[in-house]
Asker: 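Handing you this structure, nothing more for now.
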Protein chains: 2
Amino acid sequence: MNIGEASSATGVSAKMIRYYESIGLIRAPLRTGSNYRVYGEDEVHVLRFVKRARTLGFSVEETSTLLGLWQDKTRASAEVKEVATSHITALETKIAELQGMVKTLKHLAHCCGGDNRPDCPILDDLAGEHPTTKGH
Amino acid sequence: MNIGEASSATGVSAKMIRYYESIGLIRAPLRTGSNYRVYGEDEVHVLRFVKRARTLGFSVEETSTLLGLWQDKTRASAEVKEVATSHITALETKIAELQGMVKTLKHLAHCCGGDNRPDCPILDDLAGEHPTTKGH
DNA sequence: CTTGACCTTCCCATCATTGGAACCTTTATA
DNA sequence: TATAAAGGTTCCAATGATGGGAAGGTCAAG
């Protein structure tokens, strides 16, 4: 299997497969006489693992840790759970942050006429004048 | 006011002030004879506008648009509302995405013993074996 | 044997921000 | 007044994850 086939078998682009190899996330595969990368089932399995972890929002660094734990037969599940739960916490922090932005923006958009007049509470807020918070 | 004072007056780092100037988001200020940037109240006001917009998650590009609308006395508030609401939509899409990740991870973490045994549903899921979804 | 699809390496761009080097200016202190 | 600290200046590089593209080698089918 060459890189293009491995790519379509895993959903990881050929570009990214080479990148993951270059940063040491995955091991360099064997090459053909004409320098083509050759992938087998094991490599595809690793790539799918990486793909899934990335889809779940783990960074490449975290994915590397998880990959190490996966390949370590003696690891404790507690270690994995620790990585996962701290990732959950980070995601929830991010979500709360975004929700705060949405809340503020929705309030401003609600107060904004959205018409042809130049008065705009959104811009007023951005400018640091807060007339919308007074009368509401 | 030099760049350091403008920075502490607005919460925008001196580095970023120079950057915003270099990409044309803000105008280049006057300079002293010794080439120091000089800021006045107007510039500080603009910087605060930028800071607020960035805090609300608008990209620099969007911030630039909003800044243009702010400085355009004849603009319609509808234009501003359009920028804001499409940003809200983007934020909500991102939130939903992150919530999906959290949901999956919480499910996996819940199924994971978190003990000293090597069995780990989280890794099993990442590896593409889905035993947790069966018995649940 | 040519064509087109694939592979290789290498460099560049993104987005917003930070860090640092090398150097100049201003201010405070000994 | 000499000097040191704190600030300014420009320029270059890195981050994280990915995409784009050029220049060139290789493989398959027609």
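The sequence lines fix the lettering, A, B, ..., with proteins before strands; numbering per chain opens at 1.
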Asker: Nearest-nucleotide wise, let me know which of A:T32 and A:Y19 is further upstream toward the 5' end of DNA chain D.
Answerer: A:Y19
Asker: Would you please confirm or rule out a distance under 4.0 Å between OP1 or OP2 of C:dT8 and any side-chain N or O of A:R37?
Answerer: yes
Asker: So, for B:T63 and B:F49, which heavy atoms are closest and what is the spacing to 0.1 Å?
Answerer: O-CE2, 4.4 Å
Asker: Between B:F58 and B:Y36, who's closer to the 5' end of DNA chain C by nearest nucleotide?
Answerer: B:F58
Asker: Nearest of D:dA17, C:dC6, C:dT9 to any side-chain atom of A:V60?
Answerer: D:dA17
Asker: With a 4.5 Å heavy-atom cut-off, do A:R52 and B:T104 have their side chains touching?
Answerer: yes
Asker: Using a strict cut-off of less than 4.0 Å between a Lys/Arg side-chain nitrogen and an Asp/Glu carboxylate oxygen, indicate whether B:E21 and B:R37 qualify as a salt bridge.
Answerer: yes
Asker: How close do B:V38 and B:R31 get, heavy atom to heavy atom, and via which atoms?
Answerer: CG2-C, 4.2 Å
Asker: Tell me whether the OP1 or OP2 atom of D:dA17 has a side-chain N or O from A:Y20 closer than 4.0 Å.
Answerer: no
Asker: Would you say A:R18 places a side-chain N or O within less than 4.0 Å of OP1 or OP2 belonging to D:dT18?
Answerer: no
Asker: Would you indicate, yes or no, if D:dT9 has its OP1 or OP2 atom less than 4.0 angstrom from a side-chain nitrogen or oxygen of B:N35?
Answerer: no
Asker: Please figure out whether B:E61 or B:G33 has its closest DNA chain C nucleotide nearer the 5' end.
Answerer: B:E61
Asker: With a 4.0 Å limit, can you tell me whether B:S34 has a side-chain N or O closer than that to the phosphate oxygens OP1/OP2 of C:dT26?
Answerer: yes
Asker: Can you check whether B:S13 has a side-chain N or O nearer than 4.0 Å to OP1 or OP2 of C:dT17?
Answerer: no
